[in-house]
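Below: one structure, written as structure tokens.
First listed ligand is number 1; within each ligand, the first listed atom is number 1.
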Amino acid sequence: MLDTVDYVGHDSGTKKSVGKGTITVSDVSIVFGQGADEHRAVDNTDLIIGAGEFVCILGPSGCGKSTLLNSIAGYVKPTTGMVSVDDIKVEKPGPDRGMVFQQYSLLPWKTVFDNVAFGPRMAGISKRESSSIANTFLSMVGLTKFRHRYPAELSGGMQQRVGIARALANYPSVLLMDEPFGALDAQTRLTMQESLLDIWKESGTTVVFVTHDVDEAVFLSDRVLIMGAAPGRVVEDLHIDLPRPRDIDMVFEPAYIKARKSCLDIIRTESKRAFELQNQ
Ligand code: ADP
Ligand code: MG
């Protein structure tokens with residue numbers, strides 16, 4: 001059951017989250033297993049992500065990206081340290097933190113419209129108001145025409161748009177996305193990246209987006225947090241100095257190429273270190 005939606009700090013009557021969604025990760029370590037099986041998935045990590053920022057967590061498979069994201073979502077409890085959102089300690093999942101996974105996680109027996117209206121209804125918002133919220137966010141993701149369809153009748157990209165609308169319908173101050181476009185073909189992925197930037201701008205939420213794709217991270221972000229493995233930690237916090245609004249032609253610009261190269265250099269150094277460590 002969802003908690004009551006918190007409209008404080010939300011610009012009432014519009015879709016925009018205002019001044020909320022600051023994430024603080026203080027000295028967080030997350031350890032799985034015990035004794036010989038102990039695995040430090042996230043090690044002594046400190047981070048501040050500002051309200052309204054678009055931040056990507058980039059790193060190879062298994063370096064702890066999902067674990068770190070899940071600690072912000074409230075699905076994983078830090079072994080030591082603390083995560084807070086707007087100075088409130090994260091203890092469990094909540095409607096202030098919307099989550100979008102690679103798997104679309106829609107309710108297959110409900111229409112697109114009902115999938116999006118479901119969160120507000122569960123939060124005790126009237127049917128009329130929930131319908132209006134669903135219409136607002138379906139329009140934002142460009143699916144108004146498809147609102148009476150069922151998830152199985154939509155393409156992967158469209159289903160993921162519904163997933164985003166569904167997360168936004170709770171007016172989260174933070175949108176957490178775990179490789180959300182990983183299952184999509186390259187072309188759909190590009191379109192989704194462009195529309196996500198439009199949606200982000202319109203909704204005003206903080207976005208934390210996990211990916212292992214360097215191009216995706218550079219194209220989308222204000223900042224790229226590059227993680228390394230063994231133990232999992234942020235090895236670099238890279239500011240992406242590209243103007244907005246962005247479009248895909250930007251990938252040919254020198255500033256884009258430079259940012260991409262910086263990411264690749266750091267990833268290469270980090271992979272080499274991990275490889276040497278494994279072979280010691
Ligand atoms: P990524 O998302 O970067 O691919 P994960 O955060 O999923 O990496 O996992 C980081 C490490 O922690 C991996 O070695 C993974 O096997 C381990 N891990 C993740 N979740 C658990 C869990 N619930 N129990 C035990 N080990 C886990
Ligand atoms: Mg993962």
Quick one: do V116 and I133 end up in the same hydrophobic cluster if we chain Ile, Leu, Val, Met, Phe, Trp and Tyr together by side-chain heavy atoms under 4.5 Å apart?
yes
Under the criterion side-chain contact (heavy atoms from CB on, under 4.5 Å), which of V25, V90, V83 is the partner of S71?
V83
Checked the Mg ion (ligand 2): protein N, O or S atoms closer than 2.8 Å come out as S66 OG
Please verify whether a non-hydrogen atom of G59 lies at under 4.0 Å from ligand 1.
no
Which of the atoms in ligand 1, numbered in the order shown and given with their element, are less than 4.0 Å from a heavy-atom of A41?
12 (O)
Taking every heavy atom of G64 against every heavy atom of V42, the minimum-distance pair comes out as O-CG2, 3.9 Å
Between D213 and R189, is there a salt bridge with N-O shorter than 4.0 Å?
yes
Quick one: does C63 get a heavy atom under 4.0 Å from ligand 1?
yes
For the residue pair F54 and F219, is the inter-centroid distance of their aromatic rings smaller than 6.0 Å?
no
Ion pair check, D265 and R268, cut-off under 4.0 Å:
yes
Smallest heavy-atom separation, F118 atom then R166 atom, equals CD2-NH2, 4.1 Å
Tell me whether R244 is salt-bridged to D222, with the criterion being a basic N under 4.0 Å from an acidic carboxylate O.
yes
Compare L69, V31, L68, T67 and give the one whose heavy atom is closest to atom 5 (P) of ligand 1.
T67
Please confirm whether A229 comes under 4.0 Å of ligand 1, counting heavy atoms of the residue only.
no
Taking L197 as the starting point, is it possible to reach V251 by hopping between hydrophobic residues whose side chains are less than 4.5 Å apart?
yes
Atom 19 (C) of ligand 1 [closest protein heavy-atom partner, distance rounded to 0.1 Å]
F32 CE1, 3.4 Å
Can you tell which part of M227 has a heavy atom less than 4.0 Å from ligand 1: side chain, backbone, both or neither?
neither
Check ion pair R233-E270 (N to O, under 4.0 angstrom):
yes
Verify atom 16 (O) of ligand 1: protein non-hydrogen atom under 4.0 angstrom away
no
Would you say G33 contacts ligand 1, with heavy atoms under 4.0 Å as the rule?
no
